[in-house]
Amino acid sequence: VSRIERALDIADVREAARRRMPRSVFDVIEGGHGDETTLSANRADLDAIKLFPRSLVDTTTVGLETTVLGRRLALPFLLGPCSFGRMCDPEGEVAVARAATAAGVGYVVPGAPSRTIEEVSAASADPLWYQIYLRPDPAANVDMLDRITAAGYSTLVVSVDTPMKPYRARDLRNGFSLPLKMSPRLMLAAASKPRWAVDFAVGNGRSGFSIASARRSVYSFEDAMRVMRPVTLEDIAWLRERWSGPLVVKGILQPDRIDELVELGVDGVVVSNHGGRNLDGVSSTITALPPIVAAAGGRLSVMLDSGIRRGADVVRALAMGADAAFVGRPYMYGLAAGGEAGVARVIELLRGELVVALRFLGCTSIADIGPDLLGDGPVARDTRFEVRRAIEHARTGEIE
Ligand SMILES: Cc1cc2nc3c(=O)[nH]c(=O)nc-3n(C[C@H](O)[C@H](O)[C@H](O)COP(=O)(O)O)c2cc1C
């Protein structure tokens, strides 16, 4: 049995990934910004939320389906946009797309993919979501939107939390800076994991021989990072005019722009701190969620990512008012540890944990998850207050 089949939870998959990759490459996936306090707060604040099971419910069968932005999903989480697919597996995003479509799970293809967006789309039976990083040149954005439309993507996610190329000391210490140069330190790192090095440099049986594709994957990322720029409300209005499908804004931690986003016709937001990768010291996402759910008041979908590692974490986010969660690193570990099968295993593990969580919590469906599961502690009281206020606000247009 392979290591990936033996993995019993995401921590096991992470360990399998860590063993297969050079340390410096694993760190690119794993690391956060600065002292990584936000990275750990994402976990600690989720862990601090204790759930209160309902009793005397027949949970012999539980359903995990849900609807997000009008689309049925087999599970209440999506695979969020993560670049560097090709550093985990020679098939990169294509392997992720295959595993996602086989499981009926949504996948948001990253804005700096290591495969072409057409290749990734063709690997999925269902229309995928695409995450765009807006560039300074409007003509380049128009071209990109045309390509996204032609390739059949259903939903556009615009990331608004990365106004400049992120600075990560962990990567710089490892000699991993962009543009990527084959420094002696990186060559040594690659030599420490020869199987990974061959997969990365020349591909494997499934991906074909592809030195060019390895190079292209690095260029695609470098290119996107070079032109990183702030995104403003005017950009969102511009996108809304040109994109007719559902439009989602990713990377907010405050409710400050919700009314304007609703007015512009944005369909959803993702409460995200980029998995603690962009600015250390910002709030955990689960702490940021309730006021945003309140401000949204059901007028747009609210999703959350950063730190989701267990089925019970998804339940925590939904009990706090999110409509769905994204996972990032968990499926990247799976991709690194076992390619498409590794991603499939991660989905399967989270699915299993969700079933267990729902059954022990006395819930029979995703719609059944509610704030009563938070008990009556301060978190629950705050959340209920915020949600009540939101309903009031949505009904009357005023607060209180
Ligand atoms: C290796 C890696 C690459 C990422 N690349 C992108 C990206 O290209 N675009 C984006 O919007 N977010 C990107 N993210 C952030 C994820 O979409 C997501 O917000 C984050 O990973 C969620 O936290 P988690 O990893 O704790 O689940 C990336 C995250 C990782 C770990």
Side-chain angles (χ1 to χ4, degrees), residues 10-11 13-14 17 21 24-33 36 38-47 77-89 92-93 96 106-115 117 120 129-135 155-163 165-166 168 170-171 176 178 217 220-225 227-228 231 248-253 269-279 282 284-286 288 303-310 313-314 316-317 322 324-336 343 346-347 350:
I10 302 303
V13 181
R14 174 183 175 280
M21 303 171 101
S24 52
V25 179
F26 179 74
D27 276 358
V28 171
I29 309 296
E30 183 74 349
H33 177 248
E36 302 188 342
T38 295
L39 183 65
S40 30
N42 283 333
R43 282 297 328 145
D45 292 354
L46 277 166
D47 280 338
F77 64 84
L78 293 94
L79 310 182
C82 290
S83 307
F84 301 114
R86 183 70 169 69
M87 289 191 192
C88 296
D89 181 85
E93 294 82 11
V96 182
Y107 173 35
V108 190
V109 177
S114 37
R115 305 288 301 263
I117 71 167
V120 185
W129 298 19
Y130 188 79
Q131 176 257 317
I132 193 167
Y133 278 128
L134 286 179
R135 292 170 173 254
T155 302
L156 189 67
V157 177
V158 54
S159 287
V160 302
D161 63 358
T162 313
K165 180 176 125 183
R168 282 178 215 126
R170 215 207 265 219
D171 294 343
F176 197 104
L178 295 172
S217 74
S220 152
F221 192 74
E222 278 175 14
D223 184 45
M225 291 299 122
V227 294
M228 222 45 120
V231 178
V248 175
V249 168
K250 174 173 181 277
I252 65 161
L253 291 168
V269 291
V270 186
V271 179
S272 174
N273 56 32
H274 221 94
R277 295 166 71 81
N278 278 356
L279 179 66
V282 304
S284 70
T285 53
I286 200 74
M303 293 159 268
L304 170 141
D305 74 15
S306 302
I308 302 286
R309 298 291 178 273
R310 293 277 184 187
D313 294 333
V314 178
R316 284 162 158 153
F326 284 9
V327 295
R329 292 181 187 85
Y331 82 84
M332 294 294 274
Y333 300 146
L335 184 63
V343 178
V346 163
I347 297 169
L350 291 174

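Just so you know, ligand 1 is whichever comes first in the structure, and atom 1 is the first atom listed for that ligand.
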Is Arg170 paired with Glu30 through a side-chain N to carboxylate O contact shorter than 4.0 Å? no
Asp305 backbone acceptor or donor facing Thr285 side chain under 3.5 Å: yes
Let me confirm one number: the CZ-OH distance from Phe77 to Tyr331, rounded to the nearest 0.5 Å. 12.0 Å
Among all protein heavy atoms, pick out the one at the shortest distance from atom 18 (C) of ligand 1; state its residue, atom name and that distance to 0.1 Å. Asp305 OD2, 3.2 Å
Going by heavy atoms in the side chains, are Met303 and Ser272 under 4.5 Å from each other? no
For ligand 1, which atoms sit closer than 4.0 Å to a heavy atom of Ser272? 19 (O)
Measuring from atom CD of Gln131 to atom OH of Tyr107, what distance do you get when rounded to the nearest 0.5 angstrom? 10.5 Å
Would you say Tyr133 has any N or O atom under 3.5 Å from an N or O of ligand 1, going by distance alone? yes
Nearest non-hydrogen protein atom to atom 3 (C) of ligand 1, with distance, is Ser83 N, 3.3 Å
Contact check, side chains of Asn273 and Asp161, non-hydrogen atoms, under 4.5 Å: no
For atom 31 (C) of ligand 1, which of the options Arg277, His274, Met332 provides the nearest non-hydrogen atom? Arg277
Contact atoms of ligand 1, heavy-atom distance to Arg329 under 4.0 Å: 23 (O), 24 (P), 25 (O), 26 (O), 27 (O), 31 (C)
Nearest non-hydrogen contact to atom 12 (N) of ligand 1 from the set Lys250, Gln131, Arg309 belongs to Lys250
Tell me whether Gly328 has any N or O atom under 3.5 angstrom from an N or O of ligand 1. yes
Report yes if some N/O of Gly307 lies less than 3.5 Å from some N/O of ligand 1; otherwise report no. yes
Residues Arg310, Asp313: salt bridge by 4.0 Å N-O rule: no
Would you call the rings of Phe326 and Trp129 parallel, tilted or perpendicular, taking 30° and 60° as the class edges? perpendicular
Could you find the nearest protein heavy atom to atom 16 (C) of ligand 1 and give me its residue, atom name and distance? Pro81 O, 3.4 Å
For Ser159, the atoms of ligand 1 under 4.0 Å from one of its heavy atoms are 10 (C), 11 (O)
Of all protein heavy atoms, the one nearest atom 20 (C) of ligand 1 is Gly275 N, 3.7 Å
Measuring only between side-chain heavy atoms, which start at C-beta, is Leu279 closer than 4.5 Å to Thr38? no
Nearest non-hydrogen protein atom to atom 23 (O) of ligand 1, with distance, is Ser306 CA, 3.2 Å
